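Take a look at the structure set out below.
The structure displayed is predicted, hence computed values, not measured ones. Every chain is numbered from 1 and lettered A, B, ... according to where its sequence line falls, protein lines coming before strand lines.
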Protein chains: 2
Amino acid sequence: MARTDDRFRIAYQDLLTVMATQPIGSDLPPELVLADQLSISRTTVRAVLTAFAKAGLIVWEGRKKTILRMPTAKDRLAMRDEYLPREELEQRFLKWVLRFDVPAGTPLNVAKLAKEFSVPPHALQEFLSGLSQFGLVTRRPRGGWSLLGFTADYAVELSEFRAVLELNAVRTLVHLPRDHPIWQKLTELEQQHENLAARIDTDFHDFSPLDEAFHHTITSVVQNRFVKQFQKVISLIFHYHYQWDKRMERSRNEAAIGEHLAIIRALRSGDEQAAAQAATAHLATSKETLLASLRVNALIADAP
Amino acid sequence: MARTDDRFRIAYQDLLTVMATQPIGSDLPPELVLADQLSISRTTVRAVLTAFAKAGLIVWEGRKKTILRMPTAKDRLAMRDEYLPREELEQRFLKWVLRFDVPAGTPLNVAKLAKEFSVPPHALQEFLSGLSQFGLVTRRPRGGWSLLGFTADYAVELSEFRAVLELNAVRTLVHLPRDHPIWQKLTELEQQHENLAARIDTDFHDFSPLDEAFHHTITSVVQNRFVKQFQKVISLIFHYHYQWDKRMERSRNEAAIGEHLAIIRALRSGDEQAAAQAATAHLATSKETLLASLRVNALIADAP
DNA sequence: AGAATGTTTTTTGTATAAAAAAAATAAAAA
DNA sequence: TTTTTATTTTTTTTATACAAAAAACATTCT
């Protein structure tokens with residue numbers, strides 16, 4: 001009927017655990033200090049203190065808040081059937097979109113989806129509005145939303161955009177001075193790659209996090225909020241698919257390791273052209289892999 | 001109290017004008033056809049027809065909708081004090097942000113702003129959520145919004161990002177076959193630039209639209225939804241500032257025309273390096289201009 | 001039979017209300 | 001005078017209600 005009291009409940013729990021470390025009879029700090037500690041407003045602190053007094057945990061008179069007894073299991077406040085936090089909604093929704101190769105233009109029912117994902121309708125609305133920036137959904141001309149879906153077209157354009165950003169990073173990186181920390185990091189990555197290459201037969205599953213680390217390191221030399229914005233989505237989509245398509249995983253990863261090593265060496269040579277070429281080659285492979293996994297997915301979806 | 005009947009009112013008007021072209025006594029087409037013509041649902045068509053019948057404009061019996069008389073000025077339906085359309089809100093808000101060089105972290109009051117911009121609070125909320133993608137505003141940890149503002153840092157990063165996208169476009173463009181329509185367009189642009197250069201003393205104001213056309217043409221060779229997403233904001237911010245900072249407008253524009261012409265010629269030469277160099281030079285100038293206008297703005301704001 | 005209309009059911013967008021939390025202000029105690 | 005608490009005012013956030021619009025379904029007419 002109104003906004004949730006999640007914040008209050010969290011603060012209640014937190015203060016309970018804080019109190020457990022204090023001896024009986026001691027006084028709690030001033031409201032403002034508590035508010036600061038719990039990262040909430042004083043208003044909420046007072047609400048919690050009032051609840052504590054009611055539960056007989058403390059006596060609260062003026063500026064004295066004396067602990068009466070230790071909290072027990074019974075004092076814990078259950079969270080109400082809670083909504084998903086934003087982050088999780090994002091993850092779940094993206095997986096839903098990526099997994100089910102929905103046809104372009106599928107209409108979305110906000111009310112139903114909100115229930116399904118157990119979030120308030122506005123939250124979903126806002127989330128969709130955010131997603132529309134990435135072109136995965138769009139507002140229909142006459143109200144409502146339409147899921148454009150993760151189509152082959154989309155994958156191609158995403159790959160191309162990724163290539164633009166990453167080539168830019170490579171071109172920047174290659175000219176950085178030799179005492180820049182990036183070179184040390186590249187050396188470490190090189191070792192990790194060589195290490196994994198040696199035991200690829202058994203540990204080819206370990207490649208996915210290494211891949212993410214590699215690309216993240218390369219792109220980290222470009223400190224730009226717009227670039228970073230997209231890198232987040234790109235990495236999410238690419239890696240989600242990566243760990244999902246299990247065909248030929250071993251050989252694919254082995255080849256990718258080789259390409260990564262080639263890029264590192266080209267970077268170290270200081271030759272911009274060579275580095276760009278190596279990166280382009282790898283990005284092209286990556287794109288093909290993504291597209292192939294899409295095709296397989298489509299086949300699976302079509303099968304009876 | 002409920003959703004607005006804007007759609008109904010628009011349909012009412014539209015049907016009025018459609019009817020004005022028909023002779024008295026003729027019949028209107030079936031509901032489904034009208035719905036299609038007016039791009040609304042049949043339900044709304046029926047609501048409009050009912051209103052028409054009540055107003056004595058038509059007799060509606062079964063599937064016969066006969067025009068009784070020509071509509072007069074009195075039949076027009078006034079739109080209710082309407083909200084701003086989304087597009088306009090975007091424009092107004094951006095101008096507001098760009099004009100007043102607000103300090104980073106200024107809290108935004110959604111309710112007040114919504115009133116000020118005369119939009120429903122949700123619309124503003126959603127709009128802010130969209131803007132947060134561009135890093136102009138951010139959601140504060142404990143609710144509410146905070147305006148990060150259009151700072152020098154922001155301008156620098158935006159310029160850099162623009163450079164990345166535009167250099168990519170240039171690199172693509174230079175290798176396009178000679179029968180691609182882009183070359184024809186470039187020739188036209190070249191003529192327009194030379195034309196303007198000849199009369200720059202009097203018409204230097206005409207440069208802004210030409211600049212927009214130039215950059216739009218260059219970037220149009222990259223068909224990528226992510227690129228386009230950003231191009232919109234970039235163009236908006238750059239051109240808003242462009243037409244705002246009036247210092248040395250004439251000489252600035254003259255110089256820019258020269259740089260544009262240099263880019264066109266370098267592109268035509270087919271030399272990727274040369275083209276990239278010319279584009280880089282121009283983008284650097286552009287960045288400086290943007291930063292300079294920001295500094296002037298700050299001085300004006302600080303003055304008593 | 002097929003097209004058009006009448007009716008019912010869903011869905012969406014907006015306004016309003018109410019609770020929770022934050023912020024601001026006033027008052028009191030140390 | 002400074003710190004802490006009490007009170008009041010704003011602001012944010014969710015829930016609910018309801019009209020408008022769309023879509024689905026049923027019926028009627030030609």
Side-chain angles (χ1 to χ4, degrees), chain A residues 1-12 27-36 38-50 60-65 80 82-83 107-115 119-126 128 139-145, chain B residues 1-12 27-36 38-51 60-65 80 82-83 86 107-115 119-126 128 139-145:
Chain A
M1 295 135 232
R3 83 188 263 182
T4 64
D5 58 352
D6 284 0
R7 186 153 288 154
F8 167 81
R9 281 161 195 270
I10 290 170
Y12 193 100
D27 287 351
L28 290 171
E31 297 170 6
L32 211 75
V33 176
L34 286 173
D36 231 48
L38 305 174
S39 302
I40 45 168
S41 70
R42 252 190 62 226
T43 311
T44 315
V45 169
R46 302 184 104 252
V48 172
L49 288 177
T50 309
W60 185 23
E61 258 181 6
R63 47 189 67 183
K64 263 187 117 58
K65 301 166 279 283
R80 296 187 314 194
E82 60 192 315
Y83 286 134
L108 294 177
N109 184 327
V110 174
K112 266 188 192 162
L113 275 179
K115 243 180 228 162
V119 289
H122 324 113
L124 193 79
Q125 191 95 0
E126 220 180 293
L128 288 179
R139 202 185 276 285
R140 273 184 306 168
R142 289 193 257 154
W145 293 89
Chain B
M1 300 134 230
R3 80 189 268 181
T4 64
D5 57 353
D6 285 0
R7 184 151 286 154
F8 166 80
R9 283 161 195 269
I10 291 170
Y12 192 100
D27 287 352
L28 290 171
E31 297 170 7
L32 212 75
V33 176
L34 286 173
D36 232 49
L38 305 174
S39 302
I40 46 170
S41 71
R42 216 161 56 79
T43 309
T44 314
V45 170
R46 301 182 106 252
V48 172
L49 288 177
T50 308
W60 186 23
E61 259 180 4
R63 46 189 67 182
K64 262 186 118 58
K65 300 165 281 283
R80 296 187 314 194
E82 59 192 318
Y83 285 133
R86 259 189 92 77
L108 293 178
N109 184 326
V110 173
K112 266 187 193 164
L113 274 180
K115 244 181 226 161
V119 289
H122 342 114
L124 193 78
Q125 192 93 1
E126 220 180 292
L128 288 178
R139 199 186 279 284
R140 275 184 304 169
R142 287 193 260 152
W145 292 90

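Taking every heavy atom of both residues into account, B/Arg7 and B/Arg3 meet most closely at NH1-NH2, 4.1 Å. Residues A/Ile40 and A/Val45 share a closest heavy-atom pair of CD1-CG2, 3.8 Å.
Note on A/Lys65: only backbone sugar-phosphate atoms sit closer than 4.0 angstrom, heavy atoms only; bases stay farther off. Residue contacts shown for B/Trp145 are absent, as no nucleic acid heavy atom lies under 4.0 Å away. Among the heavy atoms of the strands lying under 4.0 Å from A/Leu108 are primed sugar atoms or P, OP1, OP2 only; no base atom is included.
For B/Asp5, counting side-chain heavy atoms from C-beta on, the closest listed nucleotide (C/dG6, D/dA21, C/dA20) is D/dA21. Candidate nucleotides D/dA22, D/dT14, D/dA19 were compared by shortest atom distance to the side chain of A/Thr4, and D/dT14 ranks first. Considering only the side chain of A/Arg7, C/dA22 comes nearest among C/dT14, C/dA22, D/dA6. Taking every side-chain heavy atom of B/Thr43 into account, D/dA22 is the closest of D/dA22, D/dT5, C/dG6. Among D/dT14, C/dT11, C/dA4, the nucleotide with an atom closest to any side-chain atom of B/Pro30 is C/dA4. Nearest nucleotide to the side chain of B/Glu31, out of C/dT14, D/dT11, C/dG6: C/dG6. For A/Arg42, counting side-chain heavy atoms from C-beta on, the closest listed nucleotide (D/dT5, D/dA23, D/dA20) is D/dT5.
For the pair A/Gln125 and C/dT12, the criterion of a side-chain N or O lying under 4.0 Å from OP1 or OP2 is not met. Look at B/Ser41 and you won't find any side-chain N or O under 4.0 angstrom from OP1 or OP2 of D/dA21. B/Arg46 has a side-chain polar atom (N or O) that falls below the 4.0 Å cut-off from OP1 or OP2 of C/dG6.
Atom C1' of nucleotide D/dT5 and atom CG of A/Leu32 are separated by 10 Å, given to the nearest angstrom. As rounded to whole Å, 9 Å separates atom P of C/dA21 from atom CD1 of A/Ile10. Atom CG in A/Leu113 sits roughly 18 Å away from atom P in C/dT10 (whole-Å rounding). Taking atom OH of A/Tyr12 as the reference point, atom C1' of C/dA21 lies 18 Å away to the nearest angstrom. B/Arg3 places its CZ atom 9 Å from the C1' atom of C/dT14, with the value rounded to the nearest Å. Atom P of nucleotide D/dT13 and atom CG of A/Leu124 are separated by 17 Å, given to the nearest angstrom. For the pair A/Asp27 CG and D/dT5 P, the interatomic distance rounds to 10 Å; values are reported in whole Å. Counting to the nearest Å, the P atom of D/dT13 and the CG atom of A/Asp6 are 13 Å from each other.
At distances below 3.5 Å, at least one donor-acceptor pair connects side-chain atoms of A/Asn109 with backbone N or O atoms of A/Lys112. At least one donor-acceptor pair under 3.5 Å links the side chain of B/Thr50 to the backbone N or O of B/Arg46.
Each of A/Phe8 and A/Arg63 was matched to the nucleotide of DNA chain C holding its nearest heavy atom; the match closer to the 5' end belongs to A/Phe8. If you find the closest nucleotide of DNA chain D to B/Ala47 and to B/Val110, the one lying nearer the 5' end belongs to B/Val110. For A/Ser39 and A/Asn109, each mapped to the nucleotide of DNA chain C holding its nearest heavy atom, the one lying further toward the 5' end belongs to A/Asn109.
Note: B/Leu28 CG to B/Leu49 CG = 7.0 Å, rounded to the nearest 0.5 Å.
Within the 4.5 Å cutoff, no side-chain heavy atoms of A/Asp27 are placed close to those of A/Lys65.
Of the nucleotides present, D/dT1 is the one that pairs with C/dA30 by Watson-Crick or G-U wobble criteria, both distances under 3.5 Å.
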